[in-house]
Trainee: 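Mind having a look at this structure? Questions to follow.
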Amino acid sequence: MGNKIPLERVDANRWRIPRHYDKNMHVSGMVYADDELMELILGDNALQQVANVASLPGIVGHSLGMPDIHWGYGFPVGGVAATDAESGVISPGGIGFDINCGVRLLATDLHYEQVKGRVENLADVLFKRIPSGVGGDGMRVLSRDEMQSVMLQGAGWAVAEGYGVPEDLEMTEEQGCLQGALPEAVSQQAWARGRKQLGSLGSGNHFCEIQIVDHIYDQHAADTMGIGRKGQIVATIHCGSRGFGHQVAEDYIKLAESKQKDYGFELPDRQLACLPLQSREGQAYLGAMKCAANFAWANRQLLMDGVRTSFAEIFGRKARARDLPLVYDVCHNIAKMEEYEIDGEMKRVCVHRKGATRAFPPGHPALPEKYQAIGQPVLIPGDMGRYSFMLVGAQGSMEQSFGSCCHGAGRRMSRTAAKKAVGSKELLEMLEKKGVTIRVHSKNLLAEEAPQAYKDAQQVVNVVHNAGLASLVVRLKPIVVVKG
DNA sequence: ATGTCC
């Protein structure tokens with residue numbers, strides 16, 4: 001079905017889905033891929049979803065698809081869409097179920113030579129200290145007051161509770177807190193789920209990895225981030241808002257679906273259900289989404305503390321935050337109100353990033369002082385067997401993609417297809433052969449995350465680099481993987 | 001992603 005879509009080649013890395021393809025489209029689609037990735041993308045219906053998103057009321061610019069794009073709920077994963085702040089809509093499916101799923105990376109001052117004899121020990125301690133698994137409870141149970149504070153203050157709450165240091169907040173997108181969160185817009189069911197889950201990894205593609213700096217593309221930017229030594233050990237955490245954000249998403253997707261007739265929206269897919277940004281319901285979703293985003297930042301802050309404590313336990317470090325500084329934290333499932341130049345005038349828009357990372361260029365006012373000259377760190381986890389990447393945002397993102405780029409390798413197999421194709425035993429053997437030590441809560445879910453189930457992250461990041469959305473800084477190789 | 005079906 002995807003191959004019915006007319007694709008116009010723009011250049012080596014970009015393809016247009018012309019607006020005339022479907023009368024519902026208000027704008028064209030723009031998809032970032034080279035020839036090889038486009039072959040994979042044509043294998044599912046993600047391009048149809050890019051075209052569908054172009055029919056959202058008030059969409060501006062292009063409906064965008066990043067090179068890691070694949071099929072998602074209504075919107076593709078790896079999609080970016082901006083809607084007019086006054087006359088446009090917000091679509092909960094355009095943010096996704098795991099609100100503020102995101103990634104953070106910590107540097108260490110350790111070299112692989114200092115760690116290689118303790119790898120098994122490190123894996124055990126991380127697995128012990130980082131709660132994981134489907135439905136898993138977190139590091140602490142929150143009172144109602146504490147839960148409300150987490151929703152309102154995000155990572156700042158966690159730092160005030162002793163999980164980390166104020167410098168961590170400077171190195172977090174939005175300082176780890178979106179203003180304007182509305183706890184009263186969050187259902188009691190979501191409150192109840194959230195109160196048990198703060199400080200937990202969950203399952204699926206979430207992980208904590210210990211990685212080695214494997215290749216350096218940009219020494220100056222790598223040095224600025226404190227990850228400029230080959231063989232240096234870093235830690236990556238990939239996690240979101242757990243059952244809390246999932247419940248918020250579910251509640252508002254249902255609400256939006258029930259309101260489509262009232263607002264006179266006739267969208268090509270009911271999963272695109274949306275709410276006018278300036279409506280009572282639209283503002284309620286935005287306020288609830290911010291609660292979930294803030295919860296996710298507090299969650300990653302607690303998980304990071306677990307990583308620092310693990311390193312302290314093994315390597316005897318006392319000043320943990322100083323020895324393991326946070327390099328940066330980005331979210332990749334979120335809607336943000338931002339300003340861009342569109343057709344020659346500045347416009348305030350709601351940028352839906354679903355499986356897409358903010359990638360602001362050097363000099364952007366939202367960046368901390370430390371990164372003004374190099375641009376925003378952009379963390380791109382690949383798969384557990386091959387590699388992950390650090391990039392920095394480039395000027396092209398402001399001109400082309402509403403300050404956004406890809407968020408990962410992107411699936412090439414569905415979860416069910418991956419489970420059919422890969423046995424958990426052979427996968428564990430393959431990882432061991434590659435020198436990856438793994439601790440996993442549920443072995444039968446692991447196959448869903450097999451490297452074969454993902455595109456080659458190197459190909460994906462090459463496309464955003466060549467298209468000028470972000471620039472390569474370092475490549476990382478996993479040595480320890482902890483998963484749910 | 002997810003108390004993977006209220």
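Residue numbers start from 1 in every chain, and the chains themselves are labelled A, B, ... in the order their sequence lines are given, proteins ahead of strands.
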Trainee: Taking only N and O in the side chain of A:Arg415, is any of them less than 4.0 Å away from OP1 or OP2 of B:dT4?
Mentor: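 For B:dT4, neither OP1 nor OP2 has a side-chain N or O of A:Arg415 closer than 4.0 Å.
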Trainee: Does anything in residues 128-144 of chain A come within less than 4.0 Å of DNA chain B? Heavy atoms only, and list the residues if so.
Mentor: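 Within this stretch, A:Val134, A:Gly135 sit under 4.0 Å of the strand.
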Trainee: How close or far is atom P of B:dT2 from atom NZ of A:Lys196, stated in whole angstroms?
Mentor: 14 Å
Trainee: With sequence neighbours left out, which residue pairs that include part of residues 243-258 of chain A fulfil the salt bridge (Lys or Arg N to Asp or Glu O under 4.0 Å) condition?
Mentor: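 Found A:Glu250-A:Lys254, A:Glu257-A:Arg270.
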Trainee: Whole angstroms only, please: what is the CD-P distance between A:Gln247 and B:dC6?
Mentor: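 Atom-to-atom, A:Gln247 to B:dC6, this comes out as 10 Å.
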Trainee: Base, sugar-phosphate, or nothing: which does A:Ser241 touch, judged by heavy atoms less than 4.0 Å apart?
Mentor: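 Nothing: the residue A:Ser241, judged by heavy atoms under 4.0 Å, touches no strand.
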Trainee: Pair up each side-chain donor or acceptor in residues 427-434 of chain A with any protein partner under 3.5 Å, not counting sequence neighbours, and list the distances.
Mentor:
none

Trainee: Which part of the nucleic acid, if any, lies within contact of A:Glu448, taking any heavy atom under 4.0 Å across all strands shown: a base, the sugar-phosphate backbone alone, or nothing?
Mentor: nothing
Trainee: Taking CD from A:Gln189 and C1' from B:dT2, how many angstroms apart are they, rounded to a whole number?
Mentor: 12 Å
Trainee: Suppose we screen for salt bridge (charged side-chain N to carboxylate O under 4.0 Å, His left out). Which residues come up paired with A:Asp34, at least two apart in sequence or across chains?
Mentor: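 Partners of A:Asp34 under the salt bridge (charged side-chain N to carboxylate O under 4.0 Å, His left out) test: none.
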Trainee: Look only at the side chain of A:Ser241 and the backbone of A:Asn100, and say whether a donor-acceptor pair between them is shorter than 3.5 Å.
Mentor: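 Answer holds: no.
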Trainee: Kindly write out the residues that satisfy salt bridge (charged side-chain N to carboxylate O under 4.0 Å, His left out) with A:Glu170, not counting sequence neighbours, or none if the list is empty.
Mentor: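 Residues passing salt bridge (charged side-chain N to carboxylate O under 4.0 Å, His left out) with A:Glu170: none at all.
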Trainee: Within this structure, what is the NZ-to-P distance between A:Lys254 and B:dC6, rounded to whole angstrom?
Mentor: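 Spelled out: NZ on A:Lys254 to P on B:dC6 is 8 Å.
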Trainee: Check the distance between B:dC5's C1' and A:Phe97's CZ and give it to me in whole angstrom.
Mentor: 14 Å
Trainee: What pairs of residues pass the ring pair (Phe, Tyr, Trp, His ring centres under 6.0 Å) test when at least one of them lies in residues 404-459 of chain A, not counting sequence neighbours?
Mentor: A:His332-A:His407
Trainee: Base, sugar-phosphate, or nothing: which does A:Gly243 touch, judged by heavy atoms less than 4.0 Å apart?
Mentor: sugar-phosphate
